Structures are given as structure tokens and as C-alpha cells.
Amino acid sequence: MAVPSNSTKTFKLNNGLSIPAVGLGTWQSTDEEAYNAVIAALKAGYRHIDTAYCYGNEEPIGKAIKDSGVARKDIFITTKLWGTDHTRAEEGLDRSLKLLGLDYVDLFLMHWPVPMNPNGNHDKFPTLPDGKRDILFDWNFVDTYREMQKLVASGKTKAIGVSNFSITNLKKLLADPEITTKPVVNQVETHGYLPQQKLLEYAKENDIVLEAYSPLGSTGAPLLKDELVQELAKKNGISESTLLISWAVWRGIVVLPKSVTPSRIADNLKIIELCEEDGKKLNELASIRGEKRLVSPPWDPIVVFNDED
């Protein structure tokens with residue numbers, strides 16, 4: 001049986017930087033939870049923290065980073081541009097940096113490929129009278145990314161990337177002649193019930209690292225209760241979360257498990273070298289159980305997950 005140990009693995013990004021293979025996800029964490037989780041994570045050995053303006057917890061996360069005693073240069077920090085800031089990317093980044101109390105982030109992602117009205121009836125979720133989200137149709141995600149490209153030269157972020165991009169949207173982005181800075185990552189929902197194998201292959205072909213949010217199956221972590229996952233975890237003498245996180249790393253994916261419990265946070269950093277046989281069995285899990293996408297906000301009439309497969 002393999003003995004899990006703290007992950008020190010990194011992946012090389014297409015701009016030469018390295019990103020730790022395991023990071024702390026902070027979605028759906030309150031201020032207090034986020035602060036305590038980041039303190040616990042950095043104490044446990046994490047050196048990669050993922051947040052976003054939309055999460056509403058950048059300020060306590062920045063405070064935790066400062067209070068942790070770990071040098072800023074030793075932590076890889078990601079935040080994300082929200083939809084209402086697509087037409088003002090630098091302003092969005094400046095706001096996040098101010099909340100985080102930082103001079104720069106290591107990675108700045110476009111959170112969703114959907115621009116929303118910056119002057120709507122809500123800071124984050126502007127709506128129309130019919131209740132649908134107030135989406136801009138005279139501006140698209142390629143326009144946004146052109147503006148994001150300028151931010152690397154400013155020194156406010158070391159790298160840029162995207163999140164929740166399909167193959168279709170990646171192709172559209174990469175085909176634009178004005179896109180000269182390729183995204184270093186695409187952060188998406190991927191786990192045993194949504195392996196995204198074709199997206200992973202496309203990303204690798206184009207030297208883009210895939211990052212996994214909700215790697216345990218989002219709220220309630222349903223994958224931890226799956227019979228095959230439990231069987232393989234028992235075989236390896238490890239926890240179900242260690243198995244699933246190890247599988248993501250085995251696939252070449254950066255994985256961002258979220259927890260607010262110190263013991264689970266520490267456990268989620270521990271991985272093993274997964275054998276080929278077990279990795280392939282987990283690859284087939286979705287074909288046995290059926291694919292399940294667990295995070296799909298209403299962007300009507302825009303279809304974000306627009307790949308046929």
C-alpha cells in the first residue's frame with residue numbers, strides 16, 4: 001500500500017512559470033471560513049491558493065496570507081475577473097489586488113466567458129426585468145481577453161488564463177489574430193462524473209494546463225460515497241479524497257479541493273503515485289454512472305458548455 005505524502009509536484013505553464021499541482025479552493029467560504037482555511041492550508045504545506053472577486057472573500061484571504069508568516073513569493077495566488085468587469089479588466093484586477101492587499105497575483109483568470117452589464121442593477125448579478133442575467137451582446141470574451149493581455153506587462157499579474165471554457169470557445173479565442181498571449185490554464189469543473197477527456201486532450205495539445213474545481217463532486221462531495229471510489233481507496237489504503245486528488249494529478253490536471261476543516265485541508269494535500277490500472281478505472285467511472293455536470297449557472301440565452309460532447 002502506498003503511503004500518501006504532501007504533494008510537492010508542479011506543472012510547467014506555457015510562459016515558463018510553475019504552478020503547484022494541488023491548491024486550496026475557496027468557493028462558498030465565508031470570510032471567517034476563508035481566513036481560517038488559508039491559515040490552515042499554508043500551515044499544512046499548501047503553496048497555492050485559488051480565489052475570485054465573485055467569491056466575496058478576497059479580503060480575508062489576503063489577510064490570512066499576510067498573517068501566515070509564509071513569504072509572498074512562495075505562494076501561487078490566483079484570482080478571477082468577474083463578468084461585470086469584462087469591459088474594464090484592469091479595474092477589476094486593481095479591485096482584487098486592493099482587497100487581497102497584494103501588489104500582484106500569479107494568475108488572473110476570466111471567470112466565465114460571459115460579459116455582463118457593468119452598469120446594471122447589481123454589482124455581480126445584474127438582471128433584466130424578466131429575471132434573466134443582464135448580458136452584454138456588443139462585447140464578447142475575445143474582446144475581454146485582448147484587454148487582459150495588457151495586464152501581464154503591467155506587472156499586476158504574472159500570467160493570464162480562462163475558466164469554464166469549452167473546446168469551441170478555446171478555438172474561437174486562439175483563432176483571433178490579436179491573441180498573442182495564450183492562456184496558461186483553463187479552470188473547469190472536472191471530476192469522476194465529468195472527466196472532460198476531450199477537453200483535457202485539446203488543452204494538452206495546445207499547451208494549456210487544465211485546472212479542476214469541484215474535484216470531489218461539488219457540494220456534499222458525492223464522489224466520496226461512490227462504490228468504485230471506496231473500493232479503490234480501500235485497495236490503496238488511502239482516503240477517498242486522496243484517491244480522487246491523486247487521480248487528477250495522474251491525469252496532468254491541477255486540482256483545487258475546497259474544505260474549511262483543518263484536518264481535511266491537510267488530508268487533501270496528500271497524494272500517492274497512482275498506478276495505471278486504477279487511473280484507467282477511474283477514467284471509466286462516468287461511462288458507468290453517467291456524466292453529471294454539477295455547476296451550471298443560468299446564462300440564457302448564451303450556452304457556455306457548447307461542445308457536442
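Computed from a predicted model, the values in this text were never measured in an experiment.
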Please determine whether a side-chain nitrogen of the Lys or Arg among [X] and [Y] lies less than 4.0 Å from a carboxylate oxygen of the Asp or Glu.
| X | Y | value |
| --- | --- | --- |
| Lys182 | Asp207 | no |
| Lys132 | Asp300 | yes |
| Lys172 | Asp176 | no |
| Arg264 | Asp267 | no |
| Lys80 | Asp50 | yes |
| Lys281 | Glu277 | yes |
| Arg72 | Asp103 | no |

On the six-membered ring of Tyr193, is Lys292 placed so that its NZ or CZ lies under 6.0 angstrom from the centre and within 45° of the ring axis?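 Yes, a cation-pi geometry holds between Lys292 and Tyr193.
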When rounded to the nearest 0.5 angstrom, what distance separates [atom1] in [X] from [atom2] in [Y]?
| X | Y | atom1 | atom2 | value |
| --- | --- | --- | --- | --- |
| Asp123 | Asp85 | CG | CG | 7.5 Å |
| Ile238 | Lys235 | CD1 | NZ | 10.0 Å |
| Phe108 | Ile160 | CZ | CD1 | 9.5 Å |

Check: [X]/[Y] side-chain N/O donor and acceptor closer than 3.5 Å:
| X | Y | answer |
| --- | --- | --- |
| Lys124 | Tyr53 | no |
| Trp112 | Ser163 | no |
| Asn57 | Trp27 | no |

(Q) Are Leu42 and Val255 linked, directly or through intermediate hydrophobic residues, by side-chain heavy-atom contacts shorter than 4.5 Å (ILVMFWY only)? (A)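 Looking at the clustering, Leu42 is in the same group as Val255.
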For the ring pair Trp299 and Phe305, is the centre-to-centre distance below 6.0 Å?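 No, the ring of Trp299 stays outside the 6.0 Å limit from the ring of Phe305, centre to centre.
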*Does the gap between the ring centers of Tyr213 and His191 come in under 6.0 Å?*
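No, they do not, as the ring centres are separated by 6.0 Å or more.
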- prompt: For the side chain of Glu240 and the backbone of Val229, is there at least one donor-acceptor N/O pair under 3.5 Å apart?
  reply: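 The answer is no, because no donor-acceptor pair under 3.5 Å joins these two groups.
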